[in-house]
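In listed order, ligands and their atoms are each counted from 1. On a predicted model such as this, the values are computed, not experimentally measured, just so you know.
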Amino acid sequence: MEKKDIDWSKLGFEYRKTDYRFSAIWEEGSWSDGELVTSEFITLHEGSPALHYAQQCFEGLKAQTAKDGQILLFRPELNCERMQNTAARLSMPQVPLELFLHGVREAVRANAAWVPPYGSGASLYIRPLLIGVGPNMGLRPAKKYEFRVMVTPVGPYYKSAGLSLISLAVSDFDRAAPHGTGDVKAGANYPGGLYATRKAQELGANEALYLDAAQRRYIEEAGSANILISMAGNKLVTPKSAAILPSITRRSIMDIARVELGMETEERPIDLRAEVDSFEEVAACGTAAVLSPVGKIWFDNSWHTFYNKGESVGPVMQNLYDILCQIQKGERQDSFGWTSAVAL
Ligand code: PLP
Ligand code: COI
């Protein structure tokens, strides 16, 4: 199969129209089989709860090409499980695992020419969406839903390519309330962060870092990624909070750290000001962010730097990044059984 004629190395994290998307409809208690469609447009009723009350959610995962040409998915069943949890929280019907996987695989298979080749450094970003549609006015769940899977080839999320340092600025705004929807992937969690991100960027940071909304003490997460911190004693620590998105990348990296690197891993509340001096290396992680080492964090009117004064990537994050990417690209024995090939 001929790949599209694209300079894959120049891709950023932008939308690029591909040939097909998968769409299934839920109505009167059941899902349609779903089908591939060519139009990138969705015609929505003006009364759709997705538009008025943000009754919608999404997921994000990637497909990568292995050396032998196979296209590999990374733990898609966990994205389905999370979308099901989100749907339950937002009073939407759950997409069954079989339909979710079918939609993802079909969208990837049909757009195989858009999956960046092995060694290009790019990947195919897969964006499943679940939206409440149809006429509605009062604050009630929609009576009809569309599950759609769109895909687009992407390069690095943060501007610089490869493994390079980013910086974060602690936000004056909260991302999520303690018993709100921060732990699910509701689209409504994100637009408030656009302003917070802009404020962080005005300070020269790539992204906002949020603290817990109740006390503004404990690290929660960045706008689009969870946080990992290495500490003395070969420890990898990550924030415990009921208000952050349970990242699949983070869960995987914590397993890699423990099993492959023999690190002690811990999920616990991390008090930023009280503990910052014991941070050796810091990183943001997620599907889009992969593992992005954090050189410095802005808070209380100054920059706080980590490994080598924030000037280079430390060995722990470099190692974790390498192992994760090698597994995702099929370059390393996948002893965890995390990757699966899409039948072409
Ligand atoms: N946190 C937020 C707010 C996100 O949007 C994402 C992206 O999905 C993550 C963390 C990382 O999650 P995952 O590793 O499952 O992509
Ligand atoms: C992802 O990493 O898949 C996300 O959904 C983050 C998004 C804000 C780009």
For ligand 1, does Ala225 get within less than 4.0 Å through its side chain, its backbone, both, or neither, judged by non-hydrogen atoms?
backbone
When you check the gap from the basic side-chain N to the acidic O, do Arg216 and Asp174 get nearer than 4.0 Å?
yes
Out of Gly223, Ser247, Ala222, Ser224, indicate the one that has the non-hydrogen atom closest to atom 6 (C) of ligand 1.
Ser224
Would you confirm whether the ring centroid of Tyr210 sits within less than 6.0 angstrom of the ring centroid of Phe173?
no
Under 30°, 30 to 60°, or over 60°: which ring-plane class applies to Phe279 and Phe306, parallel, tilted or perpendicular?
tilted
Would you call Glu81 and Arg75 a salt bridge, using N to O less than 4.0 angstrom?
no
Return the closest protein heavy atom for atom 9 (C) of ligand 2 as residue, atom name and distance.
Tyr157 CE1, 3.7 Å
Could you check whether any side-chain N or O of Glu281 sits under 3.5 Å from a backbone N or O of Val316, counting only pairs where one atom can act as donor and the other as acceptor?
yes
Short N-O contact, Arg250 and Glu267, less than 4.0 angstrom
yes
Which ligand 1 atoms does Glu221 reach within 4.0 Å, using its non-hydrogen atoms?
1 (N), 2 (C), 3 (C), 10 (C)
Heavy-atom contact check, 4.0 Å cutoff: does Arg82 meet ligand 1?
yes
Side chain, backbone, both or neither: the part of Lys62 lying under 4.0 Å from ligand 2 by heavy atom:
neither
Is there any N or O on Phe58 that sits under 3.5 Å from an N or O of ligand 2?
no
Among all protein heavy atoms, pick the one closest to atom 2 (O) of ligand 2 and tell me residue, atom and distance.
Ala288 N, 2.8 Å
Under 4.0 Å from one or more heavy atoms of Asn226, ligand 1 contributes atoms 1 (N), 10 (C)
Only heavy atoms of Tyr190, strictly under 4.0 Å: list the atoms of ligand 1 that pass.
2 (C), 3 (C), 4 (C), 5 (O)
Could you tell me whether Leu245 and ligand 1 have an N or O pair separated by under 3.5 Å?
no
Salt bridge check: are Glu59 and Arg82 linked by an N-O gap of less than 4.0 Å?
yes
Does the side chain of Leu261 come within less than 4.5 Å of Ile323's, by heavy atoms?
yes
Mind listing the closest non-hydrogen atom pair of Ala208 and Ser171 along with its distance?
CB-CB, 4.1 Å
For Arg175, the ligand 1 atoms whose distance to one of its heavy atoms is below 4.0 Å:
3 (C)
Is there a polar contact, in the sense of an N or O pair closer than 3.5 Å, between Tyr190 and ligand 2?
no
Enumerated ligand 2 atoms positioned under 4.0 Å from heavy atoms of Tyr125:
1 (C), 3 (O), 4 (C), 5 (O)
Would you check if the side chain of Asn234 reaches a backbone N or O of Glu264 as a donor-acceptor pair within less than 3.5 Å?
no
Give the atom numbers and elements of ligand 2 that come within less than 4.0 Å of a heavy atom of Arg127.
5 (O), 7 (C), 9 (C)
Once you restrict to heavy atoms under 4.0 Å, what part of Glu59 touches ligand 2? Side chain, backbone, both or neither.
neither
Salt bridge or not for Glu275 and Arg268, using N-O below 4.0 Å?
yes
Has ligand 2 got any nitrogen or oxygen that is less than 3.5 angstrom from a nitrogen or oxygen of Lys185?
yes
Return the closest protein heavy atom for atom 7 (C) of ligand 1 as residue, atom name and distance.
Lys185 NZ, 3.3 Å
Using a 4.0 Å cut-off to any heavy atom of Ser224, which atoms of ligand 2 qualify?
6 (C), 8 (C)
Assess whether a salt bridge exists between Asp300 and Arg273, defined as any Lys/Arg side-chain N lying under 4.0 Å from an Asp/Glu carboxylate O.
yes
Thr249 N/O under 3.5 Å from ligand 1 N/O
yes
Pair Tyr15, Tyr125 - check ring-ring contact (aromatic ring centres under 6.0 Å, His included), show working.
CA-CA 10 Å; Tyr15 177 86; Tyr125 186 68; over 10 Å; no
In this structure, atom 16 (O) of ligand 1 is nearest to the protein heavy atom Thr287 OG1, 2.6 Å
